[in-house]
Amino acid sequence: MFDGRAFTGDQRLIDEWRGAIEKRAAHTRELETRLAQLSETSRSPDGLVTVTAGPAGDLTALDLDLDLGEGIRHRAAAVTAREIVTTLRAAHVALVAAVAAVASEIGGADVSVVEGSADSDTSRPRGA
């Protein structure tokens, strides 16, 4: 009655599922490792503001060029603040593109979800 032949196909199916799950897990680990290393740096058009966005999109570096003709010192603080935010947004867009490139390269990721986040307003807190 139970000679084991009926289970051969089932075992093969389970082995295929296991292989697919292991492959997806490996892709996920590689993606996680690569994404944790990403950052993008952007410079304002006038060259006075340079920002770096880390892997989570947070501001990890800010450089205000005080030597470039003293330009930054003669601007209103509000203008400089707007320039920092605008330049950080540019770094975010570049970071999203880098994330999409890594996800596409590794494969197995839904890149459309990542690319869609480039259209979001990064100046508002999440959930606002």
Side-chain angles (χ1 to χ4, degrees):
M1 181 170 175
F2 293 106
D3 59 5
R5 284 182 274 167
F7 295 111
T8 305
D10 293 341
Q11 184 61 46
R12 188 177 18 234
L13 185 59
I14 290 170
D15 289 344
E16 288 174 10
W17 286 346
R18 180 179 293 132
I21 290 169
E22 288 171 356
K23 182 177 179 182
R24 190 171 201 77
H27 282 156
T28 301
R29 284 189 298 276
E30 182 179 357
L31 183 62
E32 180 182 25
T33 299
R34 299 265 308 271
L35 294 181
Q37 299 169 355
L38 288 181
S39 69
E40 286 293 331
T41 300
S42 291
R43 187 177 204 98
S44 64
D46 60 10
L48 296 177
V49 175
T50 303
V51 300
T52 300
D58 52 328
L59 179 65
T60 59
L62 170 63
D63 180 41
L64 303 176
D65 194 338
L66 302 176
D67 297 326
L68 192 60
E70 302 275 328
I72 202 99
R73 294 178 197 224
H74 299 292
R75 292 204 297 196
V79 172
T80 300
R82 278 193 303 274
E83 194 67 28
I84 291 169
V85 171
T86 300
T87 306
L88 183 57
R89 283 186 185 141
H92 284 160
V93 168
L95 186 61
V96 168
V99 167
V102 168
S104 178
E105 178 184 327
I106 291 173
D110 186 358
V111 178
S112 65
V113 172
V114 175
E115 290 172 339
S117 66
D119 299 329
S120 66
D121 183 0
T122 57
S123 66
R124 290 183 297 157
R126 293 191 202 297

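Below, all heavy atoms of this structure are taken into account, side chains as well, without hydrogens, waters or symmetry copies. Predicted, not measured: the structure shown is a model, and the values here were computed from it.
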Undergrad: In chain order, what residues pass the salt bridge (charged side-chain N to carboxylate O under 4.0 Å, His left out) check against D15, with sequence neighbours excluded?
TA: R18

Undergrad: What is the minimum heavy-atom distance between E40 and A98, and which atoms define it?
TA: OE2-CB, 3.6 Å

Undergrad: CG/L13 to CD/Q11 distance, rounded to the nearest 0.5 angstrom?
TA: 9.5 Å

Undergrad: Does R75 use its side chain to pair, donor to acceptor, with the backbone of V79 at less than 3.5 Å?
TA: no

Undergrad: Which residues satisfy the side chain to side chain donor-acceptor pair (under 3.5 Å) test with T28, sequence neighbours excluded?
TA: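 Scan of T28 (side chain to side chain donor-acceptor pair (under 3.5 Å), adjacent residues dropped) gives none.
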
Undergrad: With sequence neighbours left out, write down each residue that passes side chain to side chain contact (heavy atoms under 4.5 Å, CB included) with L59, or none if nothing qualifies.
TA: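 Checked L59 against side chain to side chain contact (heavy atoms under 4.5 Å, CB included); matches are V51, L62, L88.
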
Undergrad: For S39, check side chain to side chain donor-acceptor pair (under 3.5 Å) against everything at least two apart and list the hits.
TA: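 S39: no side chain to side chain donor-acceptor pair (under 3.5 Å) contacts found.
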
Undergrad: Taking all atoms of both residues into account, what is the closest heavy-atom pair of D58 and P55, and its distance?
TA: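 So the two residues come closest at OD1-N, 4.4 Å.
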
Undergrad: Got a sec, which residues hit side chain to side chain contact (heavy atoms under 4.5 Å, CB included) with I21, two or more places apart in sequence or on another chain?
TA: none

Undergrad: Hey, does I84 have a side-chain heavy atom less than 4.5 Å from the side chain of L64?
TA: yes

Undergrad: Could you go through residues 30-38 and list every donor-acceptor pair under 3.5 Å that involves a side-chain atom there, pairing it with any protein atom two or more places apart or in another chain?
TA:
residue : atom : partner : partner atom : Å
T33     : OG1  : R29     : O            : 3.0
R34     : NH1  : E105    : OE2          : 3.3
R34     : NH2  : E105    : OE1          : 3.2
R34     : NH2  : E105    : OE2          : 3.3

Undergrad: Test of understanding: with side chain to side chain donor-acceptor pair (under 3.5 Å), list the residues that count as partners of S42, not counting sequence neighbours.
TA: none

Undergrad: Tell me if a side-chain donor or acceptor on H92 pairs with a main-chain N or O of A53 at a distance below 3.5 Å.
TA: no

Undergrad: Give every residue pair that meets the side-chain hydrogen bond (donor to acceptor under 3.5 Å, both in side chains) criterion with at least one member in residues 77-86, sequence neighbours excluded.
TA: none

Undergrad: Only one of T60, T52, T50, D63 clears side-chain hydrogen bond (donor to acceptor under 3.5 Å, both in side chains) with T41; which?
TA: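 Testing each of T60, T52, T50, D63 against T41, the sole residue satisfying side-chain hydrogen bond (donor to acceptor under 3.5 Å, both in side chains) is T52.
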
Undergrad: Applying side chain to side chain donor-acceptor pair (under 3.5 Å), can you list everything that pairs with T87, at least two apart in sequence or on another chain?
TA: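 Here no residue qualifies.
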
